Number of protein chains: 2
Amino acid sequence: MSDTARSESPPSRRLRLGPAEHSLLGMLASAESEGIHGYDLARQYTVGALGEIIRLEPGMLYHHLKKLDRFGLLTTQVERQSDRPDRQIHTLTEAGASQLHTWLREPVQATREIRLDFLLKLLFTRRLAPERLHDLVQQQRAVLATLAGSLERQVNAPVADADALERRMVLRLRLAQTRAAIDWLESLLPLGDDA
Amino acid sequence: MSDTARSESPPSRRLRLGPAEHSLLGMLASAESEGIHGYDLARQYTVGALGEIIRLEPGMLYHHLKKLDRFGLLTTQVERQSDRPDRQIHTLTEAGASQLHTWLREPVQATREIRLDFLLKLLFTRRLAPERLHDLVQQQRAVLATLAGSLERQVNAPVADADALERRMVLRLRLAQTRAAIDWLESLLPLGDDA
DNA sequence: AGAGCCATGTAAGAGGTTACATGATTAG
DNA sequence: CTAATCATGTAACCTCTTACATGGCTCT
């Protein structure tokens with residue numbers, strides 16, 4: 001909502017971004033043209049790998065863009081068009097790029113975050129800084145390996161009662177999912193851009 | 001908030017319950033005593049297998065209980081105590097039990113629902129109707145096997161462009177997670193109550 | 001005397017879904 | 001003429017999280 005100058009935006013609460021918002025920063029950073037508008041982004045979120053990973057409806061997309069603008073992570077300029085509706089052209093700021101790259105460097109802590117958060121990190125690291133891909137995968141592998149170790153210890157603990165039996169069922173699923181994620185990460189490692 | 005008779009509750013919107021609410025129905029159904037109160041439930045959600053599967057804070061727990069009462073899936077009676085605060089004793093209704101068992105019979109459709117929804121179904125089927133355990137696991141296995149087949153076909157499709165390459169990375173993770181879930185289900189199948 | 005349990009909640013806000021509103025232009 | 005595309009949103013409604021309010025009792 002700013003027009004080049006971010007003017008009188010209230011500094012809002014504290015900043016905490018979700019995967020959708022980080023991915024928007026990633027889209028701005030990896031755009032061929034300098035700026036993108038919301039409608040264009042919305043289209044890109046319905047196709048390809050991005051569409052497989054996350055679903056982002058126009059309502060939320062525009063909402064996120066406003067929030068990112070409020071926090072100064074992007075700037076917005078109006079592009080007037082004679083024949084079509086005006087466009088809000090968004091451009092990443094320094095703060096936005098810094099926020100993005102901090103996020104890209106952090107591996108996720110839980111296995112369930114692999115499916116969404118880590119896939120996004122992988123995607124945008126591939127597009128923006130492929131030289132860091134190897135590190136990203138290795139670090140994530142290390143985090144999950146530690147987790148797997150802890151799960152193994154719990155699974156192998158002696159079963160005292162019925163409840164411990166149920167708990168073990170749960171932990172064995174977690175362990176299986178974590179190991180599958182680790183195997184997948186390792187299968188990625190050649191990184192010679194094969195399948 | 002009914003007091004034996006559900007009196008003047010507004011019929012509310014349509015009924016759609018989440019995993020937390022279904023698990024509450026399950027807790028009522030598997031209670032040793034006829035009724036349970038919220039505080040007791042809250043304690044049980046912090047320990048054992050249930051605590052591993054789902055986290056349910058008091059605020060949400062009481063909120064869910066109210067909603068289930070509004071829909072007539074449970075009844076609520078006040079038990080006065082002289083020395084301690086009054087208790088709201090909740091009991092499952094016919095409608096509640098029917099809702100629960102319908103849910104228990106349905107396998108989940110996506111791999112990511114295994115972690116929460118299916119584990120709950122497994123847990124409560126074990127407690128309430130262990131004779132259906134085998135069927136539940138087999139049906140879930142079948143659903144995931146179909147999914148895995150579809151993923152395999154997509155993964156093996158020829159890669160045309162860079163985007164298809166990224167998409168394949170994503171699909172390979174999905175496939176790995178789905179296969180891990182299938183293996184785990186199969187490891188459950190002996191059902192001789194071993195680890 | 002103070003901590004913590006018992007028991008039930010409310011309050012405030014973040015986050016998300018679904019559906020629709022607008023209004024011009026272009027394609028079938 | 002109808003439908004879709006372009007472009008940006010609003011409105012209503014859920015859900016979930018986090019934190020705290022209450023007030024008597026018991027334990028140390």
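What you see below is based on every heavy atom in this structure, not just the backbone, and it leaves out hydrogens, waters and symmetry mates. Since the model is a prediction, treat every value here as computed from it, not as a measurement.
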Euclidean distance, atom NZ of residue Lys66(A) to atom C1' of dA7(D) [Å, nearest integer]: 14 Å
Protein-nucleotide distance (Leu68(B), atom CG; dT15(D), atom C1'), rounded to Å: 14 Å
Short side-chain N/O contact to dT8(D) OP1/OP2 from His37(A), under 4.0 Å: yes
Short side-chain N/O contact from Arg87(B) to OP1 or OP2 of dA7(C), under 4.0 Å: yes
Listed nucleotide nearest any side-chain atom of Glu57(B), set dT8(D), dT18(D), dG9(C): dT18(D)
Interatomic distance, Leu61(B) CG vs dA7(C) C1' [rounded to whole Å]: 12 Å
Sugar-phosphate, base or nothing in reach of Gly59(A), heavy atoms under 4.0 Å: base
CD (Glu94(A)) with more than 12 external heavy atoms under 6.0 Å: no
Gap between atom CG of Leu65(B) and atom CG of Leu73(B) - 0.5 Å precision: 11.5 Å
Sugar-phosphate, base or nothing in reach of Asp86(B), heavy atoms under 4.0 Å: sugar-phosphate
Euclidean distance, Arg105(A) CZ relative to Arg132(A) CZ, rounded to 0.5 Å: 4.0 Å
Closest nucleotide among dC6(C), dA7(D), dG16(C) to the Pro85(B) side chain: dC6(C)
Heavy-atom closest pair, residues Asp161(A) and Val159(A): O-CG1, 3.6 Å
Spacing between Leu17(A) atom CG and dG16(C) atom P, to the nearest angstrom: 11 Å
Lys67(A) vs dG15(C): side-chain N/O to OP1/OP2 distance below 4.0 Å: yes
Interatomic distance, Leu24(A) CG vs dG16(C) P [rounded to whole Å]: 11 Å
DNA chain D: 5'-proximal contact among Met60(A) and Arg16(B) (nearest heavy atom): Met60(A)
Closest listed nucleotide, where the reference is the side chain of Arg55(A) and the choices are dT8(C), dC6(D), dT18(C): dT18(C)
Euclidean distance, atom CG of residue Leu15(A) to atom P of dA14(C) [Å, nearest integer]: 12 Å
Closest nucleotide among dT10(C), dG9(D), dA7(C) to the Tyr39(B) side chain: dA7(C)
Residue-phosphate contact under 4.0 Å: Gln81(A) side-chain N/O, dC6(D) OP1/OP2: no
Distance test, side-chain N/O of His64(B) to OP1/OP2 of dT15(D), below 4.0 Å: no
Between dT22(D) (C1') and Tyr62(B) (OH): distance, integer Å: 13 Å
Integer-rounded Å distance: dG9(C) P and Asp40(B) CG: 15 Å
Gap between atom CZ of Arg115(A) and atom CZ of Arg112(B) - 0.5 Å precision: 7.0 Å
Separation of Leu56(B) CG from Gln44(B) CD (nearest 0.5 Å): 12.0 Å
Listed nucleotide nearest any side-chain atom of Gln88(A), set dT8(C), dG9(D), dC16(D): dG9(D)
